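Heads up, the thing below is written out as structure tokens.
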Amino acid sequence: TNFDTEHLKIILSAGIKIVSNQVQFSLIDRRPLVKMAQFCQEHNIYLLAYGTLAGGLLAAKYLGHPEPNAMSLNTASLRKYKNMINAWGNWQLFQELLTVLKAIADSYHVTIPNVAVRYVLEQKAVAGAIIGARLGVAEHIQENARIFDFQLSPQDYQKIDHVLQKSRDLLQLIGDCGDEYRR
């Protein structure tokens, strides 16, 4: 979990076989696309993505709403990913992303979270997405299964990329996958 590309190279060079690496990967945190995905493909290592919904922030619940303050974010996960949004851009840019995701979701009769996870699943080297759930609070099993009912079109990617190009470079700010835990 959370090995960066350089550490994966060290492990492989020591003769240890790696099958998968669990990393934070979402529309907000696309650092795995910079170095990790290519390296993993070359070495038959698969990525298991967590944080694909940014702790639940990548959802219609936050579309069109004012920026939440720390007191209203009632889980460590929400606070962590809100900080990631702040590093990535700002609440206004996040609202722009949610608006684009909502339009794409509506065109497929799915949800913003479905589009966000589908985006990650369609990336190179990704074998699966880990979607967090709070049993008894937010169970979305049937809704999450709809992720497999559609694929994003090149036009969808263009719309998403138009927003993402405005964001900051998290690789430069934070480092490679998991580097935030090694500092």
Side-chain angles (χ1 to χ4, degrees), residues 1-9 11-12 17-41 43-62 68 73-89 94 97-98 101 105 110-148 150-152 160 164 167-183:
T1 299
N2 291 319
F3 280 95
D4 62 10
T5 309
E6 292 307 313
H7 283 95
L8 281 181
K9 287 178 185 177
I11 292 168
L12 287 177
K17 173 72 174 143
I18 302 292
V19 176
S20 65
N21 187 21
Q22 181 178 311
V23 294
Q24 183 171 292
F25 195 168
S26 70
L27 283 160
I28 302 302
D29 187 357
R30 298 178 315 135
R31 290 177 295 161
L33 292 176
V34 181
K35 295 192 280 187
M36 177 70 64
Q38 174 84 27
F39 179 82
C40 287
Q41 276 194 300
H43 294 91
N44 296 314
I45 300 171
Y46 296 94
L47 296 176
L48 302 174
Y50 71 86
T52 55
L53 299 178
L57 291 166
L58 282 165
K61 173 181 177 177
Y62 293 96
L73 300 173
N74 61 357
T75 68
S77 185
L78 283 172
R79 290 185 294 275
K80 170 188 174 178
Y81 291 108
K82 173 59 172 68
N83 288 336
M84 190 62 67
I85 289 168
N86 292 345
W88 168 82
F94 183 65
L97 177 61
L98 288 178
L101 296 178
V110 297
T111 65
I112 290 173
N114 292 153
V115 174
V117 174
R118 186 74 221 173
Y119 177 92
V120 172
L121 286 175
E122 289 183 4
Q123 304 308 307
K124 294 176 181 179
V126 174
I130 301 166
I131 301 173
R134 295 174 64 203
L135 296 178
V137 178
E139 298 178 30
H140 300 281
I141 296 168
Q142 290 179 343
E143 178 186 314
N144 289 337
R146 300 196 64 213
I147 293 163
F148 303 106
F150 70 103
Q151 290 183 321
L152 296 172
I160 292 168
L164 297 180
S167 68
R168 293 185 191 105
D169 181 350
L170 291 181
L171 184 76
Q172 197 167 43
L173 286 172
I174 300 170
D176 200 3
C177 302
D179 279 353
E180 63 271 27
Y181 302 112
R182 284 182 283 282
R183 291 180 177 209

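As the structure is a computational prediction, the values presented were derived from the model and not from experiment. Positions are given from 1, in the same order as the sequence printed here.
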Report yes if some heavy atom in the side chain of Y50 is under 4.5 Å from a heavy atom in the side chain of N2; otherwise report no. yes

Do F94 and L57 have side chains that approach each other closer than 4.5 Å (heavy atoms only, starting at C-beta)? yes

Side chains of L170 and M84 in contact at under 4.5 Å (non-hydrogen atoms): yes

Heavy-atom distance under 4.5 Å between the side chains of L97 and L58, does that happen here? yes

For K124, does its backbone N or O pair with a side-chain atom of Q41 as donor and acceptor, under 3.5 Å? no

Quick one: CD1 on I28 to NZ on K82, what's the gap to the nearest 0.5 Å? 11.0 Å

Please determine whether a side-chain nitrogen of the Lys or Arg among R146 and E143 lies less than 4.0 Å from a carboxylate oxygen of the Asp or Glu. no

Working to the nearest 0.5 angstrom, can you tell me the gap between L33 CG and Q38 CD? 11.0 Å

Nearest heavy-atom neighbours spanning S20 and L48: OG-CD1, 3.9 Å

Do N114 and T111 have side-chain atoms, one donor and one acceptor, less than 3.5 Å apart? yes

Smallest separation among heavy atoms of G56 and Y62, with atom names: O-CE1, 3.5 Å

Is F39 atom CZ crowded by more than 12 heavy atoms from other residues, nucleotides or ligands, each under 6.0 Å away? yes

If I take atom NE2 from residue H43 and atom OG1 from residue T5, how far apart are they, to the nearest 0.5 angstrom? 11.0 Å

Heavy-atom side-chain proximity of Y81 to L53 below 4.5 angstrom: no

Considering non-hydrogen atoms only, spot the tightest contact between E122 and L152 and give its length. OE2-N, 3.0 Å

d(L101 CG, Y119 OH) to nearest 0.5 Å is 10.5 Å

Looking at every heavy atom in both I112 and L98, which two are closest together, and how far apart are they? CD1-O, 3.8 Å

Please name the pair of heavy atoms, one in L27 and one in A116, separated by the smallest distance, quoted to 0.1 Å. CD1-CA, 3.8 Å

Could you give me the CA-CA distance, side-chain angles and deciding distance for F148 and R118, then say whether side chain to side chain contact (heavy atoms under 4.5 Å, CB included) is met? CA-CA 8 Å; F148 303 106; R118 186 74 221 173; 4.1 Å; yes

Quick check against the 3.5 Å criterion: does R31 have a side-chain atom that pairs as donor or acceptor with the backbone of L171? no

C40 versus L8: any side-chain heavy-atom pair under 4.5 Å? yes

Determine whether K35 and D4 satisfy the following criterion, side chain to side chain contact (heavy atoms under 4.5 Å, CB included), listing intermediate values before the conclusion. CA-CA 9 Å; K35 295 192 280 187; D4 62 10; over 6 Å; no

What are the two closest non-hydrogen atoms of V117 and A129, and how far apart are they? CG1-CB, 3.8 Å

Euclidean distance, S167 OG relative to D29 CG, rounded to 0.5 Å: 10.0 Å

Just how far is it from atom CD of Q24 to atom NZ of K80, taken to the nearest 0.5 Å? 4.0 Å

